[in-house]
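One structure below.
Quick note: numbers below take in every heavy atom, side chains included, and nothing from hydrogens, waters or symmetry partners. The first residue of the sequence shown is numbered 1, and numbering continues consecutively from there. Fair warning: this is a prediction, and the values are worked out from it, not measured in the lab.
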Amino acid sequence: VQLQASGGGMVHPGGSLRLSCTASGVRTFGSYDMGWFRQAPGKEREFVATIRRHGGGTFYADSVKGRFTFSRDAAQNTGYLQMNSLKPEDTARYYCAARYDGILSTIRAERSYSFWGQGTQVTVSS
């Protein structure tokens with residue numbers, strides 16, 4: 001499985017961006033959990049959101065709940081992270097990730113994801 005993330009950029013506080021993550025090399029990507037993580041300079045990578053396989057629900061970090069929406073287009077093997085009301089503290093490099101299996105309790109653990117994209121930079125600044 002190869003993951004390609006795109007859609008990053010620079011926006012003012014309060015602005016919006018939509019990140020995309022497209023999977024290739026897999027026939028049934030709907031069978032994978034897809035996640036987004038982010039890493040700011042000098043900080044550890046942190047969980048942002050995950051959308052479960054087979055319509056198993058979507059889960060968010062508290063810091064982005066109500067502002068970010070994660071959706072997926074199974075036909076396009078693509079996941080979308082709509083980010084609204086962006087804040088300077090959202091500035092980070094965003095990575096998409098995927099895993100074929102794993103239990104619900106581990107969705108926030110980056111070590112449980114086997115496949116990673118190259119990341120896309122999001123900068124929120126006035």
Side-chain angles (χ1 to χ4, degrees):
V1 178
Q2 292 82 46
L3 302 175
Q4 179 71 41
S6 62
M10 180 179 290
V11 296
H12 293 306
S16 298
L17 282 174
R18 188 176 80 158
L19 306 184
S20 300
C21 178
T22 299
S24 59
V26 59
R27 187 176 300 180
T28 56
F29 192 59
S31 300
Y32 289 71
D33 292 347
M34 177 185 280
W36 284 98
F37 291 77
R38 67 186 182 186
Q39 187 168 23
K43 295 187 177 181
E44 294 186 352
R45 191 154 54 184
E46 65 176 4
F47 169 78
V48 176
T50 286
I51 191 164
R52 290 274 279 170
R53 55 191 180 271
H54 302 308
T58 309
F59 302 85
Y60 300 93
D62 288 344
S63 59
V64 306
K65 201 172 295 182
R67 301 186 297 122
F68 290 12
T69 303
F70 194 1
S71 60
R72 70 194 298 173
D73 182 337
Q76 300 294 325
N77 279 359
T78 299
Y80 301 99
L81 185 68
Q82 178 66 43
M83 306 186 296
N84 298 328
S85 302
L86 282 161
K87 305 175 181 180
E89 51 263 43
D90 294 316
T91 295
R93 190 163 186 84
Y94 284 69
Y95 297 88
C96 61
R99 64 181 195 177
Y100 183 72
D101 53 16
I103 59 177
L104 181 60
S105 62
T106 64
I107 58 170
R108 291 172 172 80
E110 63 172 293
R111 66 181 183 279
S112 72
Y113 291 79
S114 302
F115 308 100
W116 290 85
Q118 84 290 359
T120 185
Q121 180 67 35
V122 172
T123 302
V124 185
S125 174
S126 55

From [X] [atom1] over to [Y] [atom2], what is the distance, rounded to the nearest 0.5 angstrom?
X	Y	atom1	atom2	answer
M10	H12	CE	NE2	9.0 Å
E110	R99	CD	CZ	12.5 Å
D33	S114	CG	OG	10.5 Å

Keeping to residues at least two apart or across chains, list the disulfide bond (SG atoms under 2.5 Å apart) pairs with something in residues 80-126.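 Every pair satisfying disulfide bond (SG atoms under 2.5 Å apart) with a residue in residues 80-126: C21-C96.
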Anything under 30° is parallel, anything over 60° is perpendicular, the rest tilted; go ahead and classify F37 against W116.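 Tilted.
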Which residues share a side-chain contact (heavy atoms from CB on, under 4.5 Å) with S71, sequence neighbours left out: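 side-chain contact (heavy atoms from CB on, under 4.5 Å) list for S71, sorted by chain: Y80.
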What closest approach, in Å, do R53 and G102 show between heavy atoms, and which atom pair accounts for it?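 Looking at all heavy atoms of both residues, the closest pair is NH2-O, 3.2 Å.
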For S16 versus S85, what's the shortest heavy-atom pair and its separation?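 Minimum heavy-atom contact is OG-N, 4.3 Å.
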Under 4.5 Å between side-chain heavy atoms, chaining through other members, with only Ile, Leu, Val, Met, Phe, Trp and Tyr counted: pull out the rest of the cluster around V1, sorted by chain and number.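 When side chains under 4.5 Å apart are linked, the cluster holding V1 also contains L3, V11, L17, L19, V26, F29, Y32, M34, W36, V48, I51, Y60, V64, F68, F70, L81, M83, L86, Y94, Y100, F115, V122, V124.
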Is it true that a side-chain atom of [X] and a backbone atom of [Y] form a donor plus acceptor pair closer than 3.5 Å?
X	Y	answer
T106	S112	no
Q4	G117	no
N77	T22	no

What pairs with R93 under salt bridge (Lys or Arg N to Asp or Glu O under 4.0 Å), at least two apart in sequence or on another chain?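 Here no residue qualifies.
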Quick one: ring-ring contact (aromatic ring centres under 6.0 Å, His included) partners of Y95, sequence neighbours excluded?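 For Y95, no residue satisfies ring-ring contact (aromatic ring centres under 6.0 Å, His included) once neighbours in sequence are set aside.
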Salt bridge (charged side-chain N to carboxylate O under 4.0 Å, His left out) contacts touching residues 72-91 (sequence neighbours left out):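 Qualifying pairs: R38-D90, R67-D90.
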